Structures are given as C-alpha cells and as structure tokens.
2 protein chains.
Amino acid sequence: MRKRVQMHSSHANMHSMSHSWDDLRTVMCLVRAGSLAAAAKMLGLNYTTVARRVARAEDALGVALFERLTDGYQPTEAGLLVAEHAERMSDQSDTLLRKLQGQDASLRGSLTVTAPQLLIAHVLTRLIDEFCAAYPEIDLHIRATNDLLDLNRREADLAIRISRDPGDTLMGRRLTPQYSASFASPKIADQINANPHQMVDWIVYADYQTVPANVDPAYPNHRVRMTFDDMVAIRAAAQAGLGVARMPLFLGRASDGLVRVPVLPPQPYPEVWFVAHRDVWASAKVTAFREMLVPYMRSIRARFVP
Amino acid sequence: MRKRVQMHSSHANMHSMSHSWDDLRTVMCLVRAGSLAAAAKMLGLNYTTVARRVARAEDALGVALFERLTDGYQPTEAGLLVAEHAERMSDQSDTLLRKLQGQDASLRGSLTVTAPQLLIAHVLTRLIDEFCAAYPEIDLHIRATNDLLDLNRREADLAIRISRDPGDTLMGRRLTPQYSASFASPKIADQINANPHQMVDWIVYADYQTVPANVDPAYPNHRVRMTFDDMVAIRAAAQAGLGVARMPLFLGRASDGLVRVPVLPPQPYPEVWFVAHRDVWASAKVTAFREMLVPYMRSIRARFVP
DNA sequence: GAGCCAGCATGCGAAAACGCGTGCAAATGC
DNA sequence: GCATTTGCACGCGTTTTCGCATGCTGGCTC
C-alpha cells in the first residue's frame with residue numbers, strides 16, 4: 001500500500017526533480033547522433049550506458065522518448081522536446097566553461113587548436129613546434145580538419161581559418177591576405193607555355209563545377225576535366241599531371257612536382273584569420289598562442305602573396 | 001579563520017566535456033543552500049555526496065569553487081559563476097518538465113498542491129478528501145505553508161493563494177472574494193459591547209504594526225497590544241483573551257472560542273485564487289483538481305463574505 | 001543463399017558513487 | 001564552564017553504475 005496523501009508543514013524541498021541532468025544530456029546526444037554507438041562516442045561512454053540512461057530518463061519522466069527501430073533510436077515528440085531544452089542547457093554549460101577558461105591565467109593544461117589540414121601541414125608545423133618548446137607545460141591538441149569546428153561548443157579553443165568572416169560571437173584577427181593561382185606538373189606547364197591555344201584541362205572543386213573566372217585571355221581554351229571534393233586529392237591529381245588546378249599560393253609553392261602556370265594570374269583569395277570566442281580571447285594560453293602566431297605569420301607573409 | 005589546504009591535480013582534463021551536469025547542479029544547490037547538509041536535503045542526497053561532487057567539479061574545472069570555512073562553504077567568484085549558469089540550466093530543466101507534465105493526459109501519479117496553512121485546515125480538507133476518493137490513483141501531496149512556493153521551479157503543481165496577483169508566467173482563476181473583520185474571545189467581546197469607549201487591545205501582524213484602518217468610529221480607543229508574525233499564533237492569542245484580532249471571516253467563523261466584535265466592520269480582503277503555471281494549466285490532473293475545486297468554493301462562498 | 005556488418009539487448013564482473021558512522025572544531029546554550 | 005548543536009572530514013561497507021563479452025536481428029553484398 002502506498003501513501004496517498006502527504007502533509008508537509010515545513011517547506012522541505014521534496015519535489016521529485018530527482019531525475020538526473022546527465023540523463024537529459026544523454027538524451028540530447030542520442031537525438032543528435034541517431035544511434036547509441038554514435039552518442040556514446042560523443043559522450044565518451046559505452047553505448048550500453050547510453051541505452052541505460054535513456055531508459056532511466058524515460059522511466060523518470062514517464063514518457064517514451066525514443067522508438068526502438070532496427071536501424072536505430074528514433075526520437076518521439078517528447079524526446080525532441082527534451083533534446084531541445086537540453087540543447088539550451090548545453091549552451092549554458094558551454095558558456096560557463098568558456099568563461100571559466102577565459103579567466104584562466106595559467107600557462108599549463110590543455111589548448112586545442114584547429115586549422116585547415118593543409119595550412120597545418122605546410123605552414124603551421126614550425127610554429128607549433130616553437131610553441132610547444134616555449135610552453136612545455138601546455139598540452140597542445142591540433143585538430144587538422146576542413147570542417148568548421150564549433151568554437152561556441154568548445155570543439156576547439158581557437159581556430160586559424162581561411163575566411164573573411166570570423167563568425168557570430170567570435171573575435172578575429174587577420175593574419176595575412178593571400179592569393180590563389182594556377183598550378184600544374186612541370187610537363188603540363190611546359191606544354192601550355194609552348195602552345196597557349198592548347199586545351200587547358202582543369203581540376204576543380206566539386207562546389208564550383210566550372211573553370212575559374214579571370215583566366216588570362218592569352219589562353220582561350222579551357223574545360224573542366226574532373227571535379228574533386230578534397231584539396232589534397234586535387235593537388236595529387238595535379239602533381240600526377242592530370243591537369244591544372246587553382247590553389248592558394250602557399251600551397252602550390254610548397255608542393256613538390258607543381259609549378260605555376262600563367263593560365264590564371266594571381267587572384268585574391270580569402271584571407272587567413274585567427275579566430276577565437278570572445279570569452280576565451282584574453283585567456284593566457286590563447287593569448288600566448290596568438291602572440292606567437294601573429295609575428296610568425298607576418299614573417300612568412302611572402303609565401304601567401306605574389 | 002583557517003582555510004583547508006586544497007589539493008588539485010593540476011593536469012585534470014580541462015577539456016573533457018565529460019564533466020557532469022549533475023555536479024554543476026550540486027554546486028548550484030550548495031550556493032543556494034549555504035551548507036552541505038542543506039544542499040543535500042534539497043537534492044535528496046547525503047551531505048557527504050554533495051561534498052564529493054563539489055570536489056569533483058573543482059577538480060574537473062581546475063578552479064576552487066568554495067572556501068571551506070568553519071561555518072560552511074563560502075562560494076568563490078568562480079563558484080558564483082557556476083551557480084549562475086546552472087540556474088539557467090535549472091530553468092530549462094524546469095520548463096521542460098512542466099511542458100512534459102502539461103502534455104500528461106493521465107489521471108495517475110503525483111500532484112502537488114500548496115495552499116496557506118489555515119485555508120487547508122479550515123476550508124480545503126473536505127475537498128481534498130473528495131478529490132482523493134474521486135481519483136484514487138492520483139498521489140496527492142499537500143504543502144500547507146504560508147510561503148509562496150515557486151511554481152516555476154515546480155515546488156508545487158498548483159496553488160490556492162490569497163492574493164490578487166496570480167504572478168508572472170502563471171495563470172489564475174478567482175475562486176471567491178473574501179472579507180476580514182475583528183474577532184475576539186466572548187469575554188472580551190462582551191466587555192467591548194458593554195462599553196464602546198473602553199480601550200480596545202489589538203493583536204496585529206508584525207508587518208502592519210498598527211491598528212487596522214476603517215475601524216468603526218463608535219469605538220474610538222485603540223492600541224496595539226502586541227504583534228505576531230504568524231496567524232495561528234494571533235488566533236491563539238485572541239482565543240486566550242489577549243485582545244482583538246483582524247482575520248478573514250472564514251477563519252474567525254471556523255475558530256472555536258472566537259466571536260465577531262463590531263469594532264472593525266467587514267473589510268475587503270485579498271481574494272482567493274486558483275493559480276497554476278501556463279504549461280501545466282491544461283494537464284489532466286490539474287484540470288481535474290480545478291474542476292472539483294471551483295464549484296466547491298462556490299458552494300461555500302457564504303463562509304467568506306458578510 | 002551464405003556471409004558480413006551495423007545496431008541493439010542482456011548478463012556478469014569490475015569500478016565508481018553513495019550512505020553511514022565516527023571524530024573533530026567552532027559556535028551556541030544553560 | 002561544560003554540554004549541546006552545527007558543520008565538516010575521513011574511512012568503511014554497500015549499492016549503483018559502468019564496461020565488456022556474448023548473442024540476436026535485419027539489411028546488405030557477393
């Protein structure tokens with residue numbers, strides 16, 4: 001027999017908000033990820049734990065949050081509602097952590113930097129080396145990816161980006177302007193130089209689908225031979241002599257087996273920016289990195305401009 | 001005052017997002033409560049657990065959140081920052097739970113009602129009995145307190161309040177107007193009736209500190225004999241013959257050993273309202289309670305008005 | 001159709017979190 | 001001035017939670 005009526009004369013806090021905030025977060029991640037395994041990876045947990053927490057949350061809330069289908073967990077309307085509010089909780093949590101991080105005056109601990117793959121590989125490795133030597137107690141994490149990591153969600157502490165737009169709540173500092181131009185293997189370059197009227201085979205980004213604008217009118221014949229969605233692959237194709245590719249000067253110049261071809265004169269290309277969230281901009285570690293990066297980039301500016 | 005020596009493993013993984021939201025909530029409760037024991041009570045935990053969670057949070061964030069003083073945990077600036085953001089997370093959590101509750105169409109489970117102590121005791125007990133009989137599967141929790149519980153924070157699902165203002169995000173329905181008047185023990189009443197010019201000794205609320213306005217001019221002599229901060233105590237004092245007290249009609253009429261004295265003619269007094277949060281207003285259980293309460297209060301309206 | 005993989009449930013041993021009891025210090029009450 | 005209360009730290013035994021291994025299902029490839 002369970003009790004039907006409870007009298008409370010004192011204001012003892014009894015309201016059954018006994019359910020766990022971590023369970024709400026787990027539900028949110030599962031909605032985002034779509035499967036137990038992906039959500040578990042996001043949370044650094046075993047997927048069994050995710051399943052258990054979701055079950056607990058459903059039990060505590062008295063509502064089904066997911067439909068268990070053979071191809072994964074499908075959120076119900078209630079599950080989406082939970083996820084929506086948990087997102088806002090997550091925003092608060094992220095903001096909090098950023099603010100705490102922004103007050104951190106120590107030059108110890110973790111610092112996560114993200115930058116485009118090829119910028120890291122050809123430009124930043126030396127700086128990274130120097131930074132690690134200068135601040136040996138900082139645990140530097142590099143995320144070399146072309147994805148724009150979400151600095152709001154603290155996927156990285158700072159970013160070096162090839163974009164004019166530092167973003168919404170972010171702050172930015174321009175590191176250098178840069179230009180693009182056309183590059184090809186020496187053999188292709190020789191052929192084109194020998195005969196400007198020969199057909200120029202372009203290797204272009206999948207996004208563009210077309211020959212770059214502003215090609216030199218001295219070379220009238222162009223066609224797109226192939227499209228790629230990855231710059232590393234484009235460069236490899238160009239190196240292998242498959243055609244001409246447009247790429248930033250720093251990249252073409254740093255790539256063995258590629259030479260400039262005059263087909264496309266140097267074109268302004270999105271600038272290189274240092275970007276960080278307002279909240280962490282002034283923190284010791286971010287500042288230390290920035291103050292080493294800015295002069296370094298200035299010193300090698302020649303690699304980016306004609 | 002002596003501070004406890006704090007050991008922080010300085011290489012705590014500052015960046016593991018894996019830190020617990022529940023720990024943030026624990027910090028928030030400790031800031032609110034001021035002591036481990038009070039926070040633990042709020043959370044339904046042992047205070048040792050609160051201490052451990054706070055220590056974990058400090059370790060994970062790499063910042064001291066509290067100073068351990070002999071008279072309790074004093075939040076640091078960082079602790080206050082954590083609490084501030086956790087409050088917003090808590091708001092989101094509360095909102096979520098309210099919305100889920102608002103969609104709940106079942107007439108089973110828990111329902112928490114709050115009302116002023118004396119209104120429960122003298123007016124609502126019969127209704128509560130009937131409600132429990134009509135909905136035996138609803139677990140009714142009564143919180144009889146004069147504190148205004150926070151319906152936003154789900155300290156109660158619905159409230160019966162003596163106030164014109166249903167509040168900010170709340171909805172309200174007026175149940176009945178009511179009036180107050182002066183009551184005293186029969187002996188005092190006889191004395192005053194026999195000699196209208198005798199000194200009338202008032203027992204008043206600490207908040208007012210003064211004899212009620214609008215006393216009948218036929219009784220010219222008044223003084224405040226004592227002040228109380230509790231209506232139960234005022235009534236007891238009046239019953240014991242210590243003086244005349246102003247109180248709502250329903251209360252004086254329902255109290256043994258008290259009779260009306262004509263010193264203070266019936267005065268308008270704040271109305272009785274049914275109040276609930278928008279989000280839960282239309283839920284099955286709240287609706288069921290309201291639809292039993294409203295006609296009940298109409299049927300006994302005579303007890304509230306002259 | 002056999003094999004393979006992604007995705008999930010279940011059971012078990014290990015690890016973490018928890019509650020309780022004890023002990024201590026400072027403030028409070030008689 | 002001594003007993004009591006409040007508030008906390010620490011150690012121990014227990015409960016809960018977690019990760020891992022196993023087994024199952026349905027869709028996919030060859």
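In what follows, chains carry the letters A, B, and so on, assigned in the order in which the sequence lines appear, proteins first and then strands, with residues in each chain numbered from 1. As the structure is a prediction and not an experimental result, all values here were calculated from the model.
- Listed by chain and residue number, B:Q101, B:L111, B:T112 satisfy the side chain to side chain contact (heavy atoms under 4.5 Å, CB included) test with B:D157 (two or more places apart in sequence, or in another chain).
- With sequence neighbours left out, the ring pair (Phe, Tyr, Trp, His ring centres under 6.0 Å) criterion links A:Y135 to A:F131.
- With sequence neighbours excluded, no residue satisfies side chain to side chain donor-acceptor pair (under 3.5 Å) with A:R143.
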Can you run through DNA chain C from 5' to 3' and write each base as (, ), [, ], | or . depending on how it pairs? Watson-Crick or G-U wobble, both distances under 3.5 Å.
||||||||||||||||||||||||||||||
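- For A:T49, the side chain to side chain contact (heavy atoms under 4.5 Å, CB included) partners at least two apart in sequence or on another chain are A:L45, A:N46, A:R52, A:R53.
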Name the atoms and distances for all side-chain donor-acceptor pairs under 3.5 Å in residues 226-242 of chain B, with sequence neighbours left out.
| residue | atom | partner | partner atom | Å |
| --- | --- | --- | --- | --- |
| B:D230 | OD2 | B:V232 | N | 3.1 |
| B:D230 | OD2 | B:A233 | N | 3.0 |
| B:R235 | NH1 | B:H122 | NE2 | 2.7 |
| B:R235 | NH1 | B:S255 | OG | 3.0 |
| B:Q239 | NE2 | B:D256 | O | 2.7 |

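- Between A:Y73 and C:dA9 there is a side-chain N or O to OP1 or OP2 distance below 4.0 Å.
- Distance CG (B:L36) to C1' (D:dA9): 10 Å, rounded to an integer number of Å.
- When the salt bridge (Lys or Arg N to Asp or Glu O under 4.0 Å) test is applied to B:E84, the partners found at least two apart in sequence or on another chain are B:R88.
- Applying the ring-ring contact (aromatic ring centres under 6.0 Å, His included) definition to pairs two or more places apart or across chains, those involving residues 25-69 of chain A are A:F66-A:Y73.
- Atom CD in A:E67 sits roughly 16 Å away from atom C1' in C:dG7 (whole-Å rounding).
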Between N or O atoms, less than 3.5 Å apart, protein on one side and nucleotides 14-18 of chain C on the other: list the pairs.
| residue | atom | partner | partner atom | Å |
| --- | --- | --- | --- | --- |
| C:dA17 | OP1 | B:R56 | NH1 | 3.4 |
| C:dA17 | O5' | B:R56 | NH1 | 3.3 |
| C:dC18 | OP1 | B:R53 | NE | 3.3 |
| C:dC18 | OP1 | B:R53 | NH2 | 2.7 |

